[in-house]
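To start, the structure under review is shown below, and the notes come after it.
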Amino acid sequence: QYVPVKGDHVIGIVTAKAGDVFRLDVGGSEPASLSYLAFEGATKRNRPNVQVGDLIYGQFVVANKDMEPEMVCIDSSGKSSGMGIIGQDGFLFKVSLGLIRKLLAPKCEIIQELSQLYPFELVIGMNGRIWVKARTVQQTLIIVNILEACEYMTAEQRKQALAKLSGN
């Protein structure tokens, strides 16, 4: 089970709207809250269009054992910096936190190698959730399968698998 950490970027699923606050399942023991004002350009009049079931990529600003975890979708200067509502038609799946750390490492070859295969969008949450979207469903699923398998493959095995897929 994921334990929220202040500053972590995570993928949450909107489970409820309660007044000015959204409740998000982040894979922890309790839901996180997200104010509708915690989006770039949001005001009382200009609210973000967030629906139950939407995926949100955000960051924890409050995360300790005595308080409900709280997320925002803006950085300290009020910009979205890639955070916010994630597109509808991708694929969300869960992996181990170990694989997440591997993928987020500065010199991660896995993502560079995959991007030579097909163009795709990728969102990685520190809570073990990954969202991916390629041009077709088939390409999306191939990328999902490779990412899931990467955990147990050596770099050499991965290179061979990718070479097979790219037809080299």
Side-chain angles (χ1 to χ4, degrees), residues 1-108 110-112 114-115 118-137 139-141 143-144 147-148:
Q1 188 174 1
Y2 173 73
V3 177
V5 177
K6 186 177 173 171
D8 270 6
H9 286 78
V10 297
I11 298 175
I13 304 165
V14 179
T15 56
K17 277 176 163 175
D20 295 343
V21 177
F22 303 106
R23 295 263 171 260
L24 278 79
D25 164 11
V26 290
S29 57
E30 58 177 338
S33 66
L34 171 68
S35 164
Y36 77 89
L37 289 171
F39 289 85
E40 183 175 355
T43 61
K44 278 193 176 331
R45 283 193 169 172
N46 180 27
R47 289 176 174 238
N49 180 19
V50 177
Q51 303 301 326
V52 170
D54 281 355
L55 300 179
I56 305 275
Y57 181 62
Q59 182 176 20
F60 284 113
V61 282
V62 175
N64 62 45
K65 62 183 188 329
D66 306 315
M67 292 172 71
E68 175 186 59
E70 191 181 321
M71 282 171 64
V72 294
C73 291
I74 43 176
D75 62 17
S76 53
S77 58
K79 295 275 171 254
S80 67
S81 303
M83 292 182 279
I85 302 169
I86 300 174
Q88 288 297 315
D89 45 355
F91 187 83
L92 180 73
F93 62 108
K94 221 170 148 21
V95 297
S96 75
L97 299 182
L99 180 57
I100 293 287
R101 282 192 275 281
K102 203 187 220 177
L103 292 171
L104 289 173
K107 290 196 171 77
C108 176
I110 301 171
I111 293 168
Q112 290 171 346
L114 277 174
S115 62
Y118 316 115
F120 62 92
E121 293 173 67
L122 183 69
V123 181
I124 299 175
M126 286 299 290
N127 56 343
R129 290 180 179 158
I130 297 179
W131 177 87
V132 66
K133 179 185 178 217
R135 282 206 185 117
T136 66
V137 172
Q139 289 179 0
T140 300
L141 292 174
I143 289 168
V144 168
L147 285 170
E148 286 179 329

May I ask you to say whether K44 pairs ionically with D20, meaning some side-chain N is under 4.0 Å from a carboxylate O?
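No.
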Does the plane of the ring in F60 sit parallel, tilted or perpendicular to the ring in Y2? Use 30° and 60° as the thresholds.
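Parallel: the ring planes of F60 and Y2 meet at under 30°.
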[atom1] of [X] to [atom2] of [Y]: how many Å apart, nearest 0.5 Å?
X    : Y    : atom1 : atom2 : answer
K133 : Q88  : NZ    : CD    : 10.5 Å
F120 : Q139 : CZ    : CD    : 10.5 Å
I56  : I11  : CD1   : CD1   : 11.0 Å
I86  : M83  : CD1   : CE    : 11.5 Å
I100 : M126 : CD1   : CE    : 7.5 Å
N46  : E40  : CG    : CD    : 11.0 Å

When you compare the side chain of [Y] with that of [X], does any pair of heavy atoms fall below 4.5 Å?
X    : Y    : result
L122 : I143 : no
L34  : V14  : no
S80  : F39  : no
E68  : V62  : no
V21  : R23  : yes
I111 : I124 : yes
N127 : D8   : no

Tell me the closest heavy-atom pair linking [X] and [Y], and the distance in Å.
X   : Y    : result
Q51 : D54  : N-OD2, 2.8 Å
V26 : V10  : CG1-CG2, 4.1 Å
F91 : T140 : CB-CG2, 3.8 Å
G7  : Q59  : O-NE2, 3.2 Å
A38 : M71  : CB-O, 4.2 Å
P48 : A42  : CD-CB, 4.1 Å

Step-by-step side-chain contact (heavy atoms from CB on, under 4.5 Å) determination, I13 to R129
CA-CA 10 Å; I13 304 165; R129 290 180 179 158; 3.9 Å; yes
Taking atom NZ of K17 as the centre, report whether more than 12 heavy atoms of other residues, nucleotides or ligands fall under 6.0 Å from it.
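Correct, the count exceeds 12.
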Count the heavy atoms belonging to other residues, nucleotides or ligands that lie under 6.0 Å from NZ of K6, then report whether that count exceeds 12.
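No, not enclosed.
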Check the pair F93, V132 against side-chain contact (heavy atoms from CB on, under 4.5 Å), reporting the backbone distance first and the verdict last.
CA-CA 9 Å; F93 62 108; V132 66; 4.0 Å; yes
